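Counting from 1, the numbers follow the sequence of the chain as shown. Indexing begins at 1, ligand by ligand and atom by atom, following the structure's order. Here the structure is a predicted model, which means the values were calculated and not measured.
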Amino acid sequence: MPITTQKLARFKAEGRPIVALTAWDYLIAQTLDEAGVDLLLVGDSLAMVALGYSTTLPVTLDEMLHHAKAVRRGVINALLVVDLPFLTYQESPQQAMHSAGRALKEAGAQAVKLEGGHPAMVETVERLVQAGIPVMAHVGMTPQSVHQFGGFRRQGTTPETAEHILQEAIALQQAGAFAIILEHIPDDLAHQITQKLTIPTIGIGAGAHCDGQVLVTADLLGLSSWQPPFAKSYMDLKGAIAQAVQTYSQEVRNHQFPPA
Ligand code: KIV
């Protein structure tokens, strides 16, 4: 049965952890969906894992939508969320409405994700939700602010910054966000936020007490050339691909493939 934002809220109430992963193309999306993932995020991390950039900043909305359309064709059950990339929503609620509208209308997204919880972003979330666009929020180490943070550094490590992130999360819930990503913050802060909020928290580098977890799928598969310290690889797909390609190359060079 297709996953909805209402179902995710029910999962939190029932204490059933939410499984989320990123996707950037048709085959990956289809495989993850068939494996039973609850939520698929076309994350702007695709700038790094699919396009080879060193940050998420360069990817454009058109590029995101190109990938999101391919993902949409592979997904039947998972809730499909599309990241709005850097500077396609921060200028004004109108800009955010236009970008989010394109994600829903052109790519078939069921929700969008925005980074940040300062008052202007809270207002933007409120406006999108009022227009019928489900929004997933994202606080803590928000990668689009990498230069402001001086790197992909853990956030919320002092009592003041921890309190700030907690207040942002509460404000985003009040604005109508249906879920919130907590990225690279201390475990006890993520735990506190998870207990305070009624909407599901989905953690990445935020400990075991969130209502769900998300990973960048390239990290999970062991495909990434760099991954953050909190990511876990469940296999060495890069090594497996290299081995298969070496065997194929050997067989071609030895006139063993195709068989006579
Ligand atoms: O872009 C992305 O993949 C993300 C996840 C890390 C949450 O935002």
Worksheet item: Is the His184-Phe230 ring centre distance short of 6.0 angstrom?
Response: yes
Fill in: Sub-4.0 Å atoms of ligand 1 with respect to non-hydrogen atoms of Gly43
1 (O), 2 (C), 3 (O)
Discussion item. Between ligand 1 and Asp83, is the shortest N or O to N or O distance under 3.5 Å?
Written reply: yes
Worksheet item: How close does the nearest protein non-hydrogen atom get to atom 8 (O) of ligand 1, and which residue and atom is it?
Response: Lys113 NZ, 2.9 Å
Worksheet item: Taking side chain as C-beta onward, heavy atoms only, is Thr217 less than 4.5 Å from Trp24?
Response: yes
Worksheet item: Would you say Glu115 and Glu183 make side-chain contact, with heavy atoms under 4.5 Å?
Response: no
Discussion item. So, regarding Glu115 and ligand 1 (criterion: nitrogen or oxygen to nitrogen or oxygen, under 3.5 Å), is there a contact or not?
Written reply: no
Worksheet item: Quick one: does Thr124's side chain have a donor or acceptor within less than 3.5 Å of a partner on Ala120's backbone?
Response: yes
Item to complete: Note the single closest protein heavy atom to atom 4 (C) of ligand 1, along with its residue, its atom name and the distance in Å.
Response: Leu41 CD2, 3.6 Å
Worksheet item: For ligand 1, which atoms, with element, lie under 4.0 Å from some heavy atom of Ile204?
Response: 6 (C)
Worksheet item: Which pairs count as ring-ring contact (aromatic ring centres under 6.0 Å, His included) when at least one residue sits in residues 40-87, sequence neighbours excluded?
Response: none
Discussion item. Contact between Gln227 and Val216 at the side-chain level, heavy atoms closer than 4.5 Å - yes or no?
Written reply: no
Worksheet item: Looking at atom 3 (O) of ligand 1, what's its closest protein heavy atom, distance included?
Response: Ser45 OG, 2.5 Å
Item to complete: Could you tell me which non-hydrogen atom of Leu215 sits nearest to which non-hydrogen atom of Leu21, and how far apart they are?
Response: O-CD2, 3.4 Å
Worksheet item: Which ligand 1 atoms does His138 reach within 4.0 Å, using its non-hydrogen atoms?
Response: 8 (O)
Worksheet entry | Thr22, any N or O under 3.5 Å of ligand 1 N or O | no
